[in-house]
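In what follows, every heavy atom counts, from backbone to side chain, and hydrogens, waters and symmetry copies are set aside. Each chain gets a letter, A, B and so on, in the order the sequences are listed, and its residues count up from 1.
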Amino acid sequence: MDWFWKFPHMNDDSLRNLKKTIDDGFREFTRAWGGGIEAFFDPLRRLLIFVERLLLNTPWPLVLVVIAAIAWFASRRLSIVIGTVITLLLIGYFDMWEDTMRTVSMILVCTAVAIAVGLPVGIMMARSNKLQSIINPILDVMQTMPSFVYLIPVVMLLGIGRVPGVLAVVIYAIPPMIRLTNLGIRLVDRDVLEAADAFGSSSWQKLRNVQIPLALPTIMAGINQTIMMALAMVVIASMIGVQGLGQPVLRAINNQYFTLGLFNGLAIVGIAIIFDRISQAYGRRLQKHLEAVHG
Amino acid sequence: MAEPATNDIGIEIRNLYKIFGSNPAAVAPLVRQGISKTELRDKHGHVLGLRDINISMPAGGIQVIMGLSGSGKSTLIRHINRLIDPTMGEILVGGEDVVKMDRLSLRQFRRHKTAMVFQKFALLPHRSVLENTVYGLEVQGVPRAKQLESARHWIDRVGLSGFENSYPNQLSGGMQQRVGLARALTNDAPIMLMDEAYSALDPLIRTDMQTVLLDLQKEIRKTIVFITHDLDEALRLGDRIAILRDGEVVQQGTSQDIVLRPADDYIANFVKEVNRGRVVQVDAVMQPVAPGHQPVGEPVRTGSTVDVAMARLAKEPDQVLTVVCEEGRPLGTLTLAAVARAMVSDEH
Ligand SMILES: Nc1ncnc2c1ncn2[C@@H]1O[C@H](COP(=O)(O)OP(=O)(O)OP(=O)(O)O)[C@@H](O)[C@H]1O
Ligand SMILES: [Mg+2]
């Protein structure tokens with residue numbers, strides 16, 4: 001009755017061998033392909049450095065004005081602009097400007113990558129039920145797998161630095177982008193689609209003129225969530241060498257510097273709120289024409 | 001705007017069948033043998049959409065398709081631009097079989113030969129009236145300046161000038177459907193498909209829109225297929241009317257044919273409620289001219305409704321009216337009794 005009390009597991013040697021084989025295989029793969037993969041991601045690395053330099057080398061008042069202008073054009077709400085400016089001024093005053101700019105540049109690039117990849121994937125998913133049934137479980141895994149686990153192969157392949165950081169963040173943050181693009185396109189009014197068909201639209205014309213514009217509010221909600229999730233990954237990404245607000249937090253954990261952690265944590269919250277308010281207000285503005293005047 | 005004064009694209013529907021379900025081909029023989037819609041659904045799990053439809057719609061006329069909900073009207077009209085593929089049959093538009101077109105020629109056909117107006121308007125909510133109206137031409141790739149010129153013209157013709165920059169949600173239902181109409185007209189296609197285009201509108205606005213359509217049709221002379229479940233609307237608009245029930249045509253003909261000679265009880269039931277005075281023409285009730293008849297008073301023209309004759313006779317009940325042809329030759333005579341009889345249906 002021994003098997004009843006103790007789960008009969010694979011014998012220790014086989015288990016060890018299995019793990020070793022997989023590890024060796026992956027190491028082999030890394031050795032063979034690591035260089036190629038690194039080269040493949042090189043444009044991404046250069047984009048990251050470019051954005052970061054741009055934000056860091058521009059005098060801070062200019063950056064502030066540009067961000068305030070973006071906030072205004074996206075939301076057309078003075079309260080949001082003022083909130084944004086005050087938050088940024090406080091961050092700068094507490095000497096976190098540079099780290100914040102690094103984090104912001106990272107988030108911008110990650111969001112851009114997530115949109116560039118997520119939008120087409122979401123669109124394809126909306127067109128095929130089969131593809132949807134394949135991609136959905138993958139997204140589930142991406143969202144539930146602890147991020148530390150997929151940091152390991154990413155670091156093995158690409159080492160420590162910005163690019164693996166972006167990959168880790170994008171893997172974590174892209175699912176809502178894909179899901180909501182898919183959902184938004186599937187929810188487009190069938191009558192309007194039929195009208196587009198009746199006028200002889202090609203599938204590209206239908207996508208561009210009907211599906212994407214009508215799905216845009218939902219897609220915007222996806223972008224908003226993606227940004228929020230990317231920010232949530234900042235501290236974890238700093239463990240593999242991503243610079244920015246995450247690193248001081250990490251240092252604070254290791255050395256029990258309470259205030260350092262708190263300040264940087266609050267800075268992350270601050271830019272999260274800024275991103276959130278601006279993107280949400282923009283999303284709402286896109287829907288202005290939908291406000292029913294006639295029932 | 002250069003309007004095609006006449007149009008020679010008619011629509012010929014021949015032996016058209018549509019069966020909805022997983023394997024229409026398997027049950028097609030049963031349908032041909034005349035299995036009932038209920039039996040097909042309960043025993044074989046397929047829905048009968050259309051059975052053996054044969055309608056010939058002359059170019060430049062308004063063909064009304066009428067029937068109750070679920071009778072297959074939408075299914076039928078969607079076969080004409082093949083938004084729905086038939087199970088069997090032919091749809092000849094201007095002599096060309098729509099069923100045989102490949103994807104690209106079908107798209108060209110939809111762009112250039114047909115335009116459609118929808119019951120729920122189906123406008124693009126994020127586009128202004130003007131941008132909605134240009135849609136068909138935009139899809140065709142017509143230069144922008146021409147798109148706008150044509151769109152402005154039709155927006156004006158349907159009475160929406162000044163609303164070019166409004167969004168659909170800022171307009172009432174009647175105005176939205178005017179946009180739908182302008183969008184279809186701007187496409188400048190010989191065929192216009194209207195699926196219950198006016199069913200969502202209030203009665204007054206509806207009559208208004210019917211007038212708009214009839215006035216426009218005098219000059220555009222398109223081949224219009226108009227769907228409705230309202231007999232009054234059918235009689236007012238239709239040059240020809242086909243009545244569907246459970247996916248089959250139960251009667252087709254002119255409004256006179258339908259009102260005066262309903263093919264069965266189902267149609268008689270519809271017709272009962274109609275204001276016959278406005279539909280029945282004097283030609284249907286006049287007696288032959290008696291030899292030696294001396295016309296007195298002002299005659300009525302052939303094709304007038306009995307309402308017109310009644311109005312005349314109400315003033316002078318004893319008069320015998322003369323019906324004359326276009327050139328003024330007498331065709332027949334009318335008495336008050338005959339006219340009165342024509343205005344009530346047999347039931348009363
Ligand atoms: N895609 C489909 N799959 C299965 N059955 C269908 C489908 N489309 C229509 N039907 C059935 O075909 C029949 C005719 O439907 P259709 O929509 O053409 O009716 P209709 O005359 O336009 O009715 P309404 O006045 O309600 O618009 C109905 O019994 C309907 O249930
Ligand atoms: Mg219908």
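Contact detail for B/Val139 and A/Gly200: the closest heavy-atom pair is CG1-O, 3.4 Å.
Side-chain contact between A/Ser202 and B/Arg111 is present, with heavy atoms from C-beta onward closer than 4.5 Å.
To the nearest 0.5 angstrom, A/Ser201 atom OG is 10.5 Å from B/Gln140 atom CD. The CD atom of A/Glu194 sits 8.0 Å away from the CG atom of B/Asp195 when rounded to the nearest 0.5 Å.
Around the CH2 atom of A/Trp60, the shell of radius 6.0 Å holds no more than 12 heavy atoms that belong to other residues, nucleotides or ligands. Residue-environment remark: CZ (A/Arg53) stays at or below the threshold of 12 foreign heavy atoms within 6.0 Å. For B/Leu204, the CG atom is loosely surrounded, since the number of other residues' heavy atoms within 6.0 Å does not exceed 12. Around CZ of A/Phe50, the count of heavy atoms belonging to other residues, nucleotides or ligands within 6.0 Å does not exceed 12.
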Go through the steps for A/Phe199 and B/Leu137 under the test side chain to side chain contact (heavy atoms under 4.5 Å, CB included), then give the verdict. CA-CA 9 Å; A/Phe199 281 92; B/Leu137 295 182; over 6 Å; no
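Of the listed residues (A/Asp191, A/Asn209, A/Leu216, A/Asp197), the greatest number of heavy-atom pairs within a distance under 4.5 Å of chain B belongs to A/Asn209. Annotation: maximal heavy-atom pairing with chain A below 4.5 Å, among B/Glu138, B/Arg107, B/Gln119, B/Arg127, occurs at B/Arg107.
Residue contact with chain A, scored on non-hydrogen atoms closer than 4.5 Å, involves the side chain of B/Arg78 exclusively. Neither the backbone nor the side chain of B/Leu104 comes within contact range of chain A, judged by heavy atoms closer than 4.5 Å.
Among the candidates A/Val210, A/Leu214, A/Leu286, the single residue satisfying the side chain to side chain contact (heavy atoms under 4.5 Å, CB included) test with B/His126 is A/Leu214.
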